[in-house]
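Worksheet: the structure to be examined is printed underneath.
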Amino acid sequence: MNILDRFLRWVGRPGQRVRRCGADRGDLKSDQSGAIMIAGVFMAALLAAGVFYVIGMGNAIVYRERLQDAADAVAYSSAGVHARGMNIIVFINLIMAALLAVLIMMRMLIVMLGIAIVACGICIAATVFCPLSGICAAAMQPMVKIEQGLIKGANKYEKVLDKVLPALSGFQKVVAITTPFVGAYKGNKVSKQYTPLITSGMALSPSLVPFVPSKKKLGLPVQEMEWDKFCKKSAELAVEHGMSWIPGFIRKPLQWAAGAIAGTFSGYFCGGGGATNIQEVMDNKINEQVNEGCSNQKKDCADKVKSGNSYPQCTGDVETDKKTPCMSKYCTDLGGGLGEFNTANCKKDGKKTAEDKMKDSGFDPKGGGISNTKNKTPKDIWEGADHGSIWFQVFGFTGGDEKWPRNVDKGLAVATKTGQMPKVEAGWGNWRFAQAEFYFDDKGAWSELKKDCMWKMYWRARLRRFAVSGINLGQLGLGKLFDVMKKYVDTKFIDGKVSGGTSIILGGLGKGLYEELADKLKDTVVGGVGKGVDSALDGWVMPSWEVIH
C-alpha cells in the first residue's frame, strides 16, 4: 500500500476525520457534500455579467447626462456673453447721452437768455409802462456777454463731440458684430472642460450673421438710433438725473417738455440735421431771400442792357452802389440789347454772404462741429426683434467620445474565445443640443420695454427648452410698411407745415405727438396681425417643435 492510499484510508476513518454537516458522512470518495459549488460557479458568472450590465448602464447614463450638461453650459455661457455685449452697448449709450446732455443744457440756457434779453429790450423801450426797466437796463449787458460766451462755448464743445461721438458709435458697432463670435469661442472653451467625454462643442446664434435679414441689424439685435430720438432721450435723462432733487410731480412735466423741445428742434439743441428744426427753417428763409434777390437783379440786368446805356459794375458796397447807378456783377452786356445773367453764381454767393453774416451775429442754428449725424448715433433695439424670438436665442451643440462608455466592454471580452471586444451596432447618441437666450430683465409688455431696454443695463441670460420658432418675418414686413407710410405723411404734411415757418413751436410739438401716436398704432397692428402671420409661417415653413432631453 502506497503512502497516498494510507492517507486516504486515514482521512476516511470515522474516528479520525473532521466532522462535517450534512447527511453524508461516508468516505471521501463517496462524499457528495459541496455539490452546490457547481451551481455557485454558474451563478457567480451570471452575477458578474449582471454587475457588468449595471456598470454599463451607469456609464451610459453618466455619459448622456455629461454630454447634455456640456451642451447646456455651452449655450448658457455663450448667451451670457451676448447679454454682456448688450450691457456694454447700453453703457456706451448712457455715456453718449450724458455728453450730449451737456450741449443741450447749454443750448437751453442760450434760448432762455435770448428770451430774457428780448423781454428786457421791450421793457426798456417801454420805460413808462415797465416798472422793471431799470433792472433790465443794468442786467442787459451782462446777459449779452454770458449769452455770447455760451454760444462760443457750445460751438467749441460741439466740435469736440464731433470727434468723440463717432469713436463711441464705432466702438458700439465693433461690440455688436464681434460679441457673437466671442460667445462662440467662449462656448467652445467651456466644452473643453468636459473632456475626455466631450470631443467637440460649439455655440451658434443668428447674431453671428450681421445685416441679415435686414441691413439695419448689426450682429446683435441692435440698429442705429434716430438722431431726434437720441436728442430727446438725452434731454430727458439730463432733467431726470440733473434735477433729481425736484419733486417727481414737477420733474416729470419738465422732463417731458425738455424731451419734446429738444427732439423737435434737434438741429439746434443737438447739432446735425433733424427732419424739422431751426436750421431747416433758416435755410428755407435764406433760399427765399437769395432767390428773390437774384430774380430782381436778373430783371434789372435785362432792363439796363435793353436801355442801351452804359453802366459800371456794382462794387458790392450797398452805400456806394446807392449813390451811383450800376449793373450787377453777374450781368454781362453782350451788345445789341442782349444780356446774360449768371444765376448760379448769384445764388451761390448770396447764400455764402447770408451764412457769414449769420455767423458774425453769433447765431449758428446748425451748431458747431456736428454738421451731420452720420456715424454719430448710439444704438437702439432692432425693429425686427421681438422679445423671446429667435433673434435673442443661442444654441449649444456638443459631441462626445463614444468609446468612453464602452470601456466596460473589456470585461466582456474575457468570456470570448478570441479575447476581442464585442462589436455592437447600436449607437450611443453622440450629439446633444441645448438652447439659452439673452433677455431684458424687467417687468412689462415688450412694446413698452423696448423704449428703455437700450438705456438700462438689465440684460441677462437663461436656459430654455430647445425650440426653433419666432423668426418674425411677418412683423418685420408690416413694420417696414408702416415706416414707409409714416415717412410719407411726415414729408407730405407735417414737415411742410413746420418748414413753412407758420407755426414752428406748435407744428414741432404736434409732430412729436404724431410720431408717438404713430408708434403706438404700429405696435398695436404689428403686434396683432403680425404675430398671427408669423404663427402661420412658423407652422408652414418651420413648425414650432421642442426636443425633450
Does any non-hydrogen side-chain atom of [Y] lie less than 4.5 Å from one of [X]?
{"X": "P213", "Y": "W391", "result": "yes"}
{"X": "Y439", "Y": "C453", "result": "no"}
{"X": "P166", "Y": "F171", "result": "no"}
{"X": "V209", "Y": "V212", "result": "yes"}
{"X": "W459", "Y": "D441", "result": "no"}
{"X": "N188", "Y": "M202", "result": "no"}
{"X": "M96", "Y": "L165", "result": "yes"}
{"X": "P180", "Y": "L220", "result": "yes"}

(Q) For H82 and S205, which I'm curious about, is there any donor-acceptor pair between the side chains at under 3.5 Å? (A) yes
Would you find a donor on one side and an acceptor on the other, under 3.5 Å apart, between the side chain of [X] and the backbone of [Y]?
{"X": "Y157", "Y": "L99", "result": "yes"}
{"X": "N93", "Y": "P378", "result": "no"}
{"X": "S389", "Y": "D386", "result": "yes"}
{"X": "E236", "Y": "Q255", "result": "no"}
{"X": "Q68", "Y": "R432", "result": "no"}
{"X": "S78", "Y": "A75", "result": "no"}
{"X": "S77", "Y": "A73", "result": "yes"}
{"X": "K229", "Y": "C231", "result": "no"}
{"X": "N291", "Y": "N287", "result": "yes"}
{"X": "T179", "Y": "G85", "result": "no"}

Q. Is the F392-H387 ring centre distance short of 6.0 angstrom?
A. yes
Q: Take V222 and D380 through the test side-chain contact (heavy atoms from CB on, under 4.5 Å) and record every step on the way to the result.
A: CA-CA 5 Å; V222 295; D380 200 2; over 6 Å; no
Q: I would like to know whether F269 and V111 meet side-chain contact (heavy atoms from CB on, under 4.5 Å); could you show each step before the answer?
A: CA-CA 10 Å; F269 289 102; V111 171; 4.0 Å; yes
**Q.** Within 45° cone and under 6.0 Å: R462 NZ/CZ vs Y76 ring
**A.** no
Q: For residues I381 and M86, report the shortest heavy-atom separation together with the two atoms involved.
A: CD1-CE, 4.0 Å
**Q.** Non-hydrogen atoms of S200 and S191 that approach each other most closely
**A.** C-OG, 4.4 Å
Q. Hey, what's the ring geometry for W227 with F230, parallel, tilted or perpendicular (30° and 60° as the breaks)?
A. perpendicular
Q: Carefully, step by step, assess R84 and V81 under the rule side-chain contact (heavy atoms from CB on, under 4.5 Å).
A: CA-CA 5 Å; R84 188 171 298 176; V81 173; 5.5 Å; no
Tell me whether [X] is salt-bridged to [Y], with the criterion being a basic N under 4.0 Å from an acidic carboxylate O.
{"X": "D452", "Y": "K233", "value": "yes"}
{"X": "E437", "Y": "R460", "value": "no"}
{"X": "K379", "Y": "E224", "value": "yes"}

Q | Verdict with reasoning, R251 to E240, per salt bridge (charged side-chain N to carboxylate O under 4.0 Å, His left out) | A | CA-CA 7 Å; R251 187 175 67 252; E240 180 180 358; over 6 Å; no
